[in-house]
Amino acid sequence: VIESPKQDSPFRREQPAQKDVHEIMRWVQAGDIREVDPSPIPLALRLRKPELVPPAFAPFSPALEKPIHTLVLNGIDRQPGIWLRKAITKNFSSDILETIPLLKDVTGASRVFFAFSKGAEPGEEFLKGLRELGVEPVSCPNVYPIGLNPLLIPFLTGQEIPFNSGGARQFGIVVIDVATALKVHGTAHGEIPSVEVVIQVTAPSAGIDTLVRVRQGTLIEDVLSALSISKKDLAKVLCGGPFLGTALHRFDIPITQEIDSIFLQTEREIIRYADEACVNCGYCVQHCPMKLMPNELSKNCEYGNFNVAEGMDIFSCIECGICAYVCPVNRPMVQLICFGKREIEAARKES
Ligand code: SF4
Ligand code: SF4
């Protein structure tokens, strides 16, 4: 049995030498900073230029041997209804600016972008600070899902990242979102970053849409009681936001670093998917940002034709949920596609 010392310690440690990127990166690695946007290479390795990669790790990924030419700071929120990154950019602008020289140093990138949504421009002072640091601020269309890396990277750099290519690092590009950059800043200033997370809590029925800072492992139900949100009327929690979240029907789930938002719905607010046949309207094909054929993909997954779905590039689906959102007969498109991906992966493991 592990006994709690029952002390509310401040979670600080000795501050690393500010100029020593090796030491800071060792702390970033030890701090186990994990990101909301999935990447095949962990942050502490992905950020390092080849000469900073410890020899023990280099053979694991040929991508780590590639020089980094472009660094992208992503200030765009991942999905509609979420404003966490906007708030971080606004409230921690000086911390973000302070972190940029470190990120430039560690990556060796010659080109640095700061991406923000059109209509959510950061303050003039921040933009001036970016330009002084040689960073190019880029206003991106306010269209979902431009904040997700598979769309943002081609928009900024013209480089497409195929899903099976080993990620953007393979092409000399590194993306870090502002929330993660803030954790790197904390690490460089003596905090132990993986202990606390900032999440957005949205409960339309209770009129709540706010940011809270919680310790990792805090149960969702404890966050609800701290915000005086009654569990009584809630039927569902979307862990990770309204479009990209995982639907759960219980509240004794711990908050982890990979969760940036929780979206709470009452029974009346839940969108029910239907067991309806596709009416071939084509809306999902028209709106899919990855230029896939969601109608055919979902049908093939539904009927177990996984090889056909694989041949139709199912793994390029970023699970953005737009196809399900526009489908007039409410087909469970993302669920079917995710089911297909899991079946294909399971078959690969068996063979
Ligand atoms: S979830 Fe649907 S719309 Fe989004 S990428 Fe996948 S198939 Fe396309
Ligand atoms: S939007 Fe729905 S009904 Fe229309 S083609 Fe796509 S899956 Fe079929």
Side-chain angles (χ1 to χ4, degrees), residues 4-16 24 27-28 30-37 43-44 73-79 81-99 102-103 116 120 122-123 126 147 176-204 206-231 234 237-242 244-246 248 251-264:
S4 161
K6 301 205 168 28
Q7 285 172 357
D8 199 12
S9 60
F11 299 115
R12 294 196 73 80
R13 57 167 169 73
E14 207 175 308
Q15 199 158 314
I24 291 172
W27 275 107
V28 170
D32 191 24
I33 298 177
R34 274 168 285 133
E35 301 160 276
V36 173
D37 292 313
L43 179 78
L73 274 143
N74 186 359
I76 303 175
D77 281 295
R78 301 174 78 232
Q79 56 196 308
I82 302 299
W83 42 272
L84 180 69
R85 291 180 184 169
K86 266 194 273 316
I88 285 176
T89 305
K90 185 171 172 214
N91 296 317
F92 298 94
S93 54
S94 54
D95 291 352
I96 304 286
L97 290 175
E98 260 181 41
T99 313
L102 165 68
L103 293 173
F116 58 91
F126 181 67
I176 177 170
D177 69 86
V178 288
T180 307
L182 193 61
K183 289 182 192 168
V184 173
H185 179 271
T187 304
H189 288 80
E191 288 173 16
I192 297 177
S194 58
V195 175
E196 291 185 333
V197 285
V198 178
I199 57 163
Q200 181 178 334
V201 180
T202 308
I208 287 189
D209 191 15
T210 187
L211 297 183
V212 292
R213 190 170 192 140
V214 296
R215 301 245 168 100
Q216 264 202 89
T218 306
L219 300 181
I220 290 175
E221 59 193 12
D222 291 334
V223 176
L224 299 188
S225 26
L227 291 171
S228 307
I229 301 173
S230 163
K231 274 193 307 186
L234 297 174
V237 53
L238 290 159
C239 253
L244 298 165
T246 304
L248 302 168
F251 302 96
D252 55 347
I253 305 289
I255 305 281
T256 62
Q257 281 195 74
E258 291 87 352
I259 296 173
D260 64 350
S261 55
I262 54 175
F263 192 87
L264 300 142

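Since the structure is predicted, the reported quantities are computational estimates derived from the model, not experimental observations. In this chain, residues are counted from 1 in sequence order.
- Taking all atoms of both residues into account, the shortest heavy-atom contact from Phe116 to Ala120 is CD1-O, 4.1 Å.
- Considering CD of Gln216 and CD of Glu258, their distance stands at 7.5 Å, rounded to 0.5 Å.
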Please step through side-chain contact (heavy atoms from CB on, under 4.5 Å) for the pair Val197 and Ile259, ending with a clear verdict.
CA-CA 8 Å; Val197 285; Ile259 296 173; over 6 Å; no
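- Summarising the geometry of Leu227 relative to Ile208, their closest heavy-atom pair is O-CD1, 3.6 Å, with the distance given to 0.1 Å.
- Put simply, the side chain of Glu221 never gets that close to the backbone of Lys231: no donor and acceptor are under 3.5 Å apart.
- Proximity of a side-chain donor or acceptor of Thr187 to a complementary backbone N or O of Val28 within less than 3.5 Å is not detected.
- When all heavy atoms of Arg34 and Gln257 are compared, the closest pair comes out as N-OE1, 3.0 Å.
- Not one N or O on the side chain of Asp177 forms a donor-acceptor pair closer than 3.5 Å with the backbone of Asn74.
- Thr89 has its side chain out of reach of Ile96: every pair of non-hydrogen atoms, C-beta onward, lies at least 4.5 Å apart.
- A distance of 11.5 Å separates CG of Leu43 from CG of Asp37, quoted to the nearest 0.5 Å.
- Counting only heavy atoms from C-beta outward, the side chains of Ile199 and Ser261 never approach each other to under 4.5 Å.
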So Leu224 and Leu234, side-chain contact (heavy atoms from CB on, under 4.5 Å) or not? Walk me through it.
CA-CA 11 Å; Leu224 299 188; Leu234 297 174; 3.9 Å; yes
As a quick check of understanding, evaluate side-chain contact (heavy atoms from CB on, under 4.5 Å) for Val223 and Ile229, giving each step before the final call.
CA-CA 9 Å; Val223 176; Ile229 301 173; over 6 Å; no
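- To the nearest 0.5 Å, the span separating CD1 on Ile24 from NE2 on His185 amounts to 10.0 Å.
- A pairwise comparison of heavy atoms in Ile76 and Gly147 identifies CG2-CA, 3.7 Å as the closest pair.
- Atom CZ in Phe263 sits 13.0 Å away from atom SG in Cys239 (nearest 0.5 Å).
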side-chain contact (heavy atoms from CB on, under 4.5 Å) between Ile82 and Leu244: does it pass, once the steps are laid out?
CA-CA 11 Å; Ile82 302 299; Leu244 298 165; over 6 Å; no
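- Put simply, CD1 on Ile255 and CG on Asp260 are 10.5 Å apart, with the number rounded to the nearest 0.5 Å.
- The two residues Val237 and Ile262 have their closest heavy-atom pair at CG2-CB, 4.0 Å.
- Legend: residues meeting side-chain contact (heavy atoms from CB on, under 4.5 Å) with Leu211, ordered by chain and number and at least two apart, are Trp83, Leu84, Ala87, Val198, Gln200.
- Contact record, Leu103 with Ala181: CD1-CB, 4.5 Å, taken as the closest heavy-atom pair.
- Residues satisfying the ring-ring contact (aromatic ring centres under 6.0 Å, His included) test with Phe92, not counting sequence neighbours, are none.
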